[in-house]
Asks: 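Okay, here's the structure, questions in a sec.
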Amino acid sequence: MHKFKEDLEKVLESRKKVRDVIDIDGEVIEDLPIKRNDRFRGQVTIMYGCNNFCSYCIVPYVRGRERSRKPEKILEEIRDLANKGYKEITLLGQNVNSYDGGNGYKFSNLLRDACKIDGIEKIRFVSPHPKDFSDDVIDAICENEKISRIIHLPLQAGNSRVLKVMNRKYSKEQYLELVEKIKSKIPDVVFSTDIIVGFPGETDEEFEDTLDVVRKVNFEQIFMFIYSRRVGTPADKMENQVPEEVKHKRFDKLKELYDNSVSENNKKYVGTVQKILVDGKSKNNDSVLTGRTDTNKVVNFEGDDELIGQIIDVFIDSEHRWYLKGKILNSNQKNVVDLK
Ligand code: SF4
C-alpha cells in the first residue's frame with residue numbers, strides 16, 4: 001500500500017511491469033489511510049507478525065516477526081476515532097500481550113493509556129496468548145471498567161501432549177490455572193476461545209480433555225475449527241493426520257456441548273440491566289434496534305433511531321439462543337437489579 005503511488009508512477013513513466021517485493025520482517029508503516037466499515041466500533045492494529053510458530057499456523061512465515069507500533073501512534077489513532085464519534089475500540093495483534101512499545105512500555109501501559117481517552121467507552125483486545133498473560137495486564141483490566149469483561153483466551157486444545165506438539169507452550173493445567181487467577185481477580189469476567197479439533201495425532205481420549213476444559217471454563221463464546229493442513233507448517237508434515245470423519249464427529253460433539261451451554265449462559269442475563277452500544281437497526285426488522293452487551297451478546301429492542309451510536313441501559317427480558325431481547329429503561333426504572 002505505502003509503495004503503491006511510487007510504483008504506479010514508475011509504471012506510467014516506463015510503461016513496463018514493476019515488481020516490488022517487501023520484506024515481511026520490515027518496518028511498521030504508519031499513516032496509511034484506513035477504510036472503516038463500522039461507525040462506532042473501530043479496530044486498531046497495535047502490532048504485526050508473530051514469533052510463536054505454533055506448529056499448525058502459517059502466520060509467522062507470511063507475516064514475519066513481531067513488531068509493535070509506537071504507543072504515541074496508536075493513541076493518536078484512538079483519539080482520532082474518539083473525535084469521530086467511535087465509542088468502542090478493539091486492539092488487534094497476533095499476540096497482543098507481548099506488545100513492546102519500547103523503553104519498558106508494555107501492553108498493560110497501552111491499555112491504561114487507552115482507557116484515559118475521553119469518548120472511548122469500551123476497549124477490547126484480540127488475541128492474547130495464554131503464555132504471555134501477565135499479572136500486570138490482569139491488574140489493568142481490573143482497574144478499568146472500560147475494558148471489556150469478556151476475555152478472548154485461545155485454548156486450541158485441552159490436552160497437554162497435543163498442546164506441546166502444537167508448540168503452544170502451556171499445558172491444560174496452566175491454562176486452567178490462568179483462568180482461575182483471572183476469575184479470582186475479576187469476578188464478573190467471562191471467556192471466549194478458539195478451539196482446533198482433530199490436530200494430527202489427537203486421540204479420542206485426548207479430545208476428551210478439550211471437552212473437559214470447555215465444561216470447566218464455561219466459555220461464553222467458542223470459535224471452533226476443524227484442523228486443516230497448511231502447506232509449509234510442521235503439522236502439515238506430520239504423518240498421523242486424523243481421518244476427516246473422525247474430525248467431524250469430534251467437531252459435532254464439541255458443538256453439541258457448546259450449543260447446550262449457550263442457552264444456559266443466556267439465562268443469566270434475563271432480568272438484568274445491560275449497557276448496550278446501539279449499532280443500528282436489526283437486519284430482519286426495521287423497527288427494532290440492535291446492539292451488543294459488554295460480553296458481546298447481541299441484544300434486540302424497540303427504540304428510536306436517534307439512539308444509534310449511544311450506550312444505553314437495556315433491561316433483558318428474554319433469551320433466544322443467539323440473541324437476547326430487551327426493553328429500554330426510563331430514567332425512573334434504573335433501580336432494577338443491575339448485575340453487570
Ligand atoms: S496461532 Fe497465533 S500465536 Fe500461534 S503462530 Fe499463529 S498467530 Fe502466532
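Quick caveat: nothing in here was measured; it's all calculated off a predicted structure. When a ligand or atom number is given, it counts from 1 through the structure's own listing order.
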Asks: Has E319 got a side-chain atom pairing as donor or acceptor with R321's backbone, closer than 3.5 angstrom?
Replies: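 Yes, the answer is positive, given that a donor and an acceptor are paired below the 3.5 Å cut-off.
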Asks: Answer with side chain, backbone, both or neither: which part of P60 has a heavy atom less than 4.0 angstrom from an atom of ligand 1?
Replies: side chain
Asks: Relative to atom 5 (S) of ligand 1, which among P128, P130, C54 owns the nearest non-hydrogen atom?
Replies: C54
Asks: Does the T90 side chain pair with the main chain of R124, one donor and one acceptor, at a distance under 3.5 Å?
Replies: no
Asks: Taking only heavy atoms of F53, which atoms of ligand 1 are found under 4.0 Å from at least one of them?
Replies: 5 (S)
Asks: Treating R65 as the side-chain partner and P60 as the backbone partner, does any N or O pair qualify as donor plus acceptor under 3.5 Å?
Replies: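 Yes, R65 side chain to P60 backbone: donor-acceptor pair under 3.5 Å.
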Asks: Judged by atom type as modelled, is there a donor-acceptor pair below 3.5 Å linking the side chain of Y170 to the main-chain atoms of L155?
Replies: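 Side chain of Y170 to backbone of L155: a pair is present.
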Asks: Does the Q174 side chain pair with the main chain of S171, one donor and one acceptor, at a distance under 3.5 Å?
Replies: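 Yes; at least one donor-acceptor contact below 3.5 Å.
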Asks: Main chain of V162, side chain of N159: is a donor-acceptor contact present, judged purely on distance under 3.5 Å?
Replies: yes
Asks: Select one of side chain, backbone, both or neither to describe which atoms of Q156 lie under 4.0 Å from any atom of ligand 1, heavy atoms only.
Replies: neither
Asks: Using a heavy-atom cut-off of under 4.0 Å, does the side chain or the backbone of Y56 touch ligand 1, or both, or neither?
Replies: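 Side chain only.
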Asks: Show the atoms of ligand 1 that are less than 4.0 angstrom away from any heavy atom in C50.
Replies: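 Ligand 1 atoms under the 4.0 Å threshold to C50: 3 (S), 5 (S), 7 (S), 8 (Fe).
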Asks: Could you check atom 2 (Fe) of ligand 1 against the protein and tell me its nearest heavy-atom contact, residue, atom and distance included?
Replies: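 Protein heavy atom at minimum distance: Q94 O, 4.2 Å.
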Asks: Check whether any N, O or S atom of C57 sits under 2.8 Å from atom 6 (Fe) of ligand 1.
Replies: yes
Asks: Treating N144 as the side-chain partner and K146 as the backbone partner, does any N or O pair qualify as donor plus acceptor under 3.5 Å?
Replies: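 No: the side chain of N144 does not pair with the backbone of K146.
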Asks: Under 4.0 angstrom from ligand 1, any heavy atom of R63?
Replies: no
Asks: Does H129 bring an N, O or S atom to under 2.8 Å of atom 8 (Fe) of ligand 1?
Replies: no
Asks: Which atoms of ligand 1 sit under 4.0 Å from any heavy atom of V59?
Replies: 7 (S)
Asks: Between Y86 (side chain only) and G119 (backbone N and O only), is there a donor and an acceptor less than 3.5 Å apart?
Replies: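 Such a contact is absent between Y86 side chain and G119 backbone.
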